[in-house]
Number of protein chains: 2
Amino acid sequence: MNTTNAGTHTDHDFLYLQVADRLEKQIGQGVLKTGDKLLSVRSLSREQGISISTAFNAYTHLEIRGLIEARPKSGYYVRFTPTQYPEPLLVEKPANEGREVSTDEMIALVYKAMSDEGVVRLSLAGPSVDLLPKARLTKALIEAIRESSNSCINYEQLQGDQRLRQQVAKLAFNWGGNVQGDDIITTQGCMEALVFCLKAVTKPGDTVAIESPTYFSIFNVMQSLGLKVVEIPTDPVTGLDISFLSEAIKRTKITACLFVPNFNNPTGSCMPDENKKRLVNLLTKHKIPLVEDDIYGELYFGRNRPRTCKSYDKNGWVLLCSSISKTLSPGYRVGWCIPGKYKAEVLKLKLMHTVSSATPTQAAIGMFFSKGRFDLHLRHLRKALYTQCLQHMKAISDYFPADTCVTVPQGGYVFWIKLNRKVNAFQLFKKAMEENISIAPGQIFTTDARFRNYIRLSFGQPYDKKIERSMKILGRLIKEIIEN
Amino acid sequence: MNTTNAGTHTDHDFLYLQVADRLEKQIGQGVLKTGDKLLSVRSLSREQGISISTAFNAYTHLEIRGLIEARPKSGYYVRFTPTQYPEPLLVEKPANEGREVSTDEMIALVYKAMSDEGVVRLSLAGPSVDLLPKARLTKALIEAIRESSNSCINYEQLQGDQRLRQQVAKLAFNWGGNVQGDDIITTQGCMEALVFCLKAVTKPGDTVAIESPTYFSIFNVMQSLGLKVVEIPTDPVTGLDISFLSEAIKRTKITACLFVPNFNNPTGSCMPDENKKRLVNLLTKHKIPLVEDDIYGELYFGRNRPRTCKSYDKNGWVLLCSSISKTLSPGYRVGWCIPGKYKAEVLKLKLMHTVSSATPTQAAIGMFFSKGRFDLHLRHLRKALYTQCLQHMKAISDYFPADTCVTVPQGGYVFWIKLNRKVNAFQLFKKAMEENISIAPGQIFTTDARFRNYIRLSFGQPYDKKIERSMKILGRLIKEIIEN
C-alpha cells in the first residue's frame, strides 16, 4: 500500500481513508477544482452515511496532504489539483556490461556547490536543520553524558552502544523486522555502514548490481573499493526492474547488490512489498548478498512505514544499512547496519578501520530514542516534508515548461525531473550556480552519459520566498535553454 | 635529546637538569643506593655552588621521575635503583620478503580479552580513564554546542571543524612543524586517518614497509587494504634501522612506509631527530610516501616534545596522523592527518567513506584546545605516566625472573619485554587470562612466528594493589613456565 503512489488506499484501510481516497480521485480527475468549496463535515457525514469524526478525519487527512485547506469560519476548499502533475517517467534501459566506474569532475563540482555559502541548496537530499529537534537532541546528549560513569570519555564497545542497538531493534518492528540488539552494529553514519557491508561481501574486481539512476556517491565508493557495477533499470514508482536483474544474473557474475528500495535517491520510488519478497527470494536462490540502504524508510507520506527487504530475509543474505542523518541529525554521524550472516566480517572491518564509534553521540541518540522522542519527531517531520513536497511540486507546475515530467515522491526528499531533450542538465547546473542555486544534474547519477536532460531537486528546505524565487529562476533558465 | 633514554641531559639543558643527571648517574652506578638519605636542599646548594631554587628543582625533577622521594620533615631519599633495569634488547633481524599478511586467531583473542569484564588490562596501550579530564571535556562539549548556531546538529565541513584544525596547527609548533589549519583533515580517530592515508598512497597488491615489531592492528589494516608488508627491524632505543630500509628499497618495490617514530608501540623507542631527517631525505629521494603515526608524540618523559618526520618534510611526502585517543579521550574518536601532497586524495576518500566527521565531538575538542586546557592536562598526564612507568618497572625488577630484559620507555604507555627462551608468550597469555590478567603476547606483533618469548605490558593504569598483585602473579607464572 505504501508502495504505490501516495493516496491510493485499499479495503483494508480505515473508512476515513477510503472516503479521502474517493475525494482525492475527484480532485485528480478535475471533478473538484482548485478553489472549489467542499461539503461541510456535517453534510459529508450525512451524505456518505459515516460518522462526523470519520468525515472530519477524511478532511484532515487531505489537509495534511496539502490537497485541501480549511479556511477559518468558512469550511474546506480544494487547494491544489494534481492533474497538474506531469506524467510519470518512462524507464530508461541502460546497457548491461560490467565496467570500471570512472570518477566524475561533475560530482566534485556538485559537492563543492553544495557547501558554498549563500547558495540555495536544491541539490541537498537531506533535511533543513530547521526541521530538526536541536534542543531536545542537546538535552539527550547532556543526559547521556551525565548518566555515563565516565562521561562517555572511553571507548564504546566494538559493536556499539547497547541502548542504541536495543532501540534500533525496537524500530525494526515498524518495518516488519524481528531483530535483536545483538544483530546490530553501529557505524559513523550510513555511508560507513555501506562501505563496511560492501567490503564484507566483495573483493576488488567483483561486480555489484546497483539501481539506475543511482545516488552519485555510490559510484565513488565502488571505485574506491575497486568494484565494477552493473546498472539495473528502475521504474519511477515501483523501483527496481526485478526481471531485468534476473536476466543480468544469468549473463554476468554479480557478487552483490546495493539497492535503495524505499524512497530511492534520486527517483523517490518505493518497491512494493511483493517485489521485495520476490527480490529476496531471487537473491537467496543465487546466494547473492543484498546491501539494502533504508536511510529514507521512515520518511513515508503514506499511512504505514514501508517494509524492508530485510524483513523477508530468512537466511541472513540481506545487510540492512541506515542512520539518523536524514531524520534527526546529519552532524552526529550515527548509523548502523544489520549485516545478517556477515556480522563477524563487518565487526572485524569496523575494528580495523575505526576501532569503535564515538561514544557521546551514540549515547545521545540511544537516550533520545529511549525517551520516545523519535516517534513524535518523525510524525512532525513527515508532515512537514509532505507539505514541502506539494509546495515544490506546485512551483514546478507553475514555473517549469509544460513538457516537464516529474516523479511523484512517496517519501524522502527528492524529485527526479525529466526536462525537454534540448536541455543539458549540466549546462543548467552551471547557469543555476551563477544565480546561487544548486541542483543535481542527471548525468552524475549514472556511469555513462545518460540522464543528460534530467535533474534531481530536493524539497528538504521549508518552502519560503527564497525557494519560490529560485524555482521561478530555474523555470526561466530551462525555458531559455530550450528556446536558444 | 628526547631521542635517547630518558634521564640523559646535555649542556644545552638548564642547570638543574645537569645536577639531576649527575645525581641520577650516581644512583645508576649504585653510589647512592635505595634508602640512602640525600643532602638537604641547602647543603646541595652550598656544595654545588648553585642557587637554592636550582637545587630544589633538581630534587623535584628526580622526585617526579620516581628516583627519589621526599619524606615529611626528614628530607630526600633514594627510592629506586635503576641498575636493577635489565639490559636493553638486541635488535632482531626479520626476513625481508614481501608477503601477504595473514589474520591471526591470537589477535582476536587478545582483543576479546581486553574487553572482558573484571580483567586487569595490562594489554591496553592507552590511558586509564582516571587520568583523563572528564568534567572539563564535558564542559567543553556543552560550551561548543551552546556556541553553535545549530547546536552542532548539521554536517561539519568535509575537511573538519575549523577551530579544531587551527588548534592542531598550533600544536604542530611543538614538534617543529609549520602547518596551517588548511593543511589538516580531521578524522574519526587516528586509525581512520591511517586507513585514508594508506589508501591514498597505495593500491591493492602494493608493498608497504613497517617496523618490526609493529602494532598488531596494522596487520589487519594491511590485509583489509590488500597490501603486502616488509618488516624493517628496529632498535629498542633509536627505532627504525634506516640502513636496513635503504637496502630493502633497493631489493623490493616499496610503495609506501608506515612508521611510528615517537614512542613506538610496542617498543617505546624514539627515533633520534637526525635519524628522522635522514629517513625523510631517503624517502624523498626515492619518492616513497611516509605515513607517520605520531599518536604518542605528546607523551614524552624527557624535557621536550620529540620532533616528527613531518617537521623535516619539505616536499609533502610525509602524511602525519594523530589523535586525542591516547591523551584526552579514546571515546570521542577525534583524530586528524596532515597529508602533505596527498590532501586532495585523502579528502576524496573521507567524502566517499564517511561524508564528514561528527560535529559535536570535533567542536568539543576544538573548544578544549582553544581554552588552553590541553597543555595543562598533558603536563599532569606525562607526570603520572612517568611515575607509573617507574612503578611498573620496579615491579618487573621485583617479581619477574632475573633474566628478563625490558625496554626503557622514553614516553608512551608500554614496555616491550623479552622473557627467557623457554617461555611461549601465547601460553603465558592464556595462563594469565585464567587469573584475569590480559597481556599482549609478542607473536601478534609480527607476521611470522618471531617474538614468541616477548610480551608487551602497559603502564597506562595507575599503579595500585590490583596491579601489584597482577605483576606478582605474572612473575610467578613466568617462573613456573621456565621451571616446567
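Atoms considered below: every heavy atom in the structure, side chains included; atoms not considered: hydrogens, waters and symmetry mates.
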Peer 1: Between B:Met222 and B:Lys228, is the side chain to side chain contact (heavy atoms under 4.5 Å, CB included) condition met? List the steps.
Peer 2: CA-CA 7 Å; B:Met222 296 292 176; B:Lys228 294 172 182 175; over 6 Å; no
Peer 1: Using the rule salt bridge (charged side-chain N to carboxylate O under 4.0 Å, His left out), only one of B:Arg373, B:Arg163, B:Arg136 pairs with B:Glu143; which is it?
Peer 2: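 Going through the options one by one, the only one that passes is B:Arg373.
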Peer 1: May I ask you to check whether over 12 heavy atoms, not counting those of A:Lys139, lie within 6.0 Å of atom NZ?
Peer 2: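 Incorrect, the count does not exceed 12.
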Peer 1: Under a 4.5 Å cutoff for heavy-atom pairs, which residue among B:Gln188, B:Gln362, B:Glu192 has the most contacts with chain A?
Peer 2: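 Looking at each of B:Gln188, B:Gln362, B:Glu192 in turn, B:Gln188 comes out on top.
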Peer 1: Measure A:Thr138 against the heavy atoms of chain B and call it side chain, backbone, both or neither at under 4.5 Å.
Peer 2: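 Side chain only.
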Peer 1: Would you mind checking which part of A:Lys203 comes under 4.5 Å of any heavy atom in chain B, side chain (CB onward), backbone (N, CA, C, O), both or neither?
Peer 2: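 Neither part; nothing is under 4.5 Å.
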Peer 1: Given that the side chain runs from C-beta out, which part of A:Leu137 has a heavy atom under 4.5 Å from chain B: side chain, backbone, both or neither?
Peer 2: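 For A:Leu137, the contact with chain B is made by the side chain alone.
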Peer 1: Among B:Ile142, B:Leu158, B:Leu351, B:Thr187, which residue forms the greatest number of heavy-atom pairs with chain A at distances under 4.5 Å?
Peer 2: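 Highest number of pairs under 4.5 Å: B:Leu351.
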Peer 1: Under a 4.5 Å heavy-atom cut-off, does chain A meet the side chain of B:Val221, its backbone, both or neither?
Peer 2: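 B:Val221 touches chain A through backbone and side-chain heavy atoms alike.
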Peer 1: Shorter than 4.5 Å, heavy atoms on both sides: which option in A:Leu349, A:Leu141, A:Thr361 has the most such pairs with chain B?
Peer 2: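 Winner by heavy-atom pair count: A:Leu141.
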Peer 1: Any side-chain heavy-atom pair from A:Ile365 and A:Leu328 closer than 4.5 angstrom?
Peer 2: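 A:Ile365 reaches A:Leu328 side chain to side chain.
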Peer 1: Which one wins on heavy-atom pair count under 4.5 Å against chain B: A:Gly189, A:Pro204, A:Ser217, A:Ser357?
Peer 2: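 Of the candidates given, the most pairs with chain B belong to A:Ser357.
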Peer 1: Given side-chain hydrogen bond (donor to acceptor under 3.5 Å, both in side chains), test B:Thr354 with A:Arg333 step by step and report yes or no.
Peer 2: CA-CA 8 Å; B:Thr354 64; A:Arg333 311 306 301 128; 6.0 Å; no
Peer 1: Would you list the atom pairs, donor with acceptor, under 3.5 Å between side chains in residues 125-132 of chain A and any protein atom, with sequence neighbours excluded?
Peer 2:
{"unit_1": "A:Ser128", "atom_1": "OG", "unit_2": "A:Asp130", "atom_2": "N", "d": "3.0"}

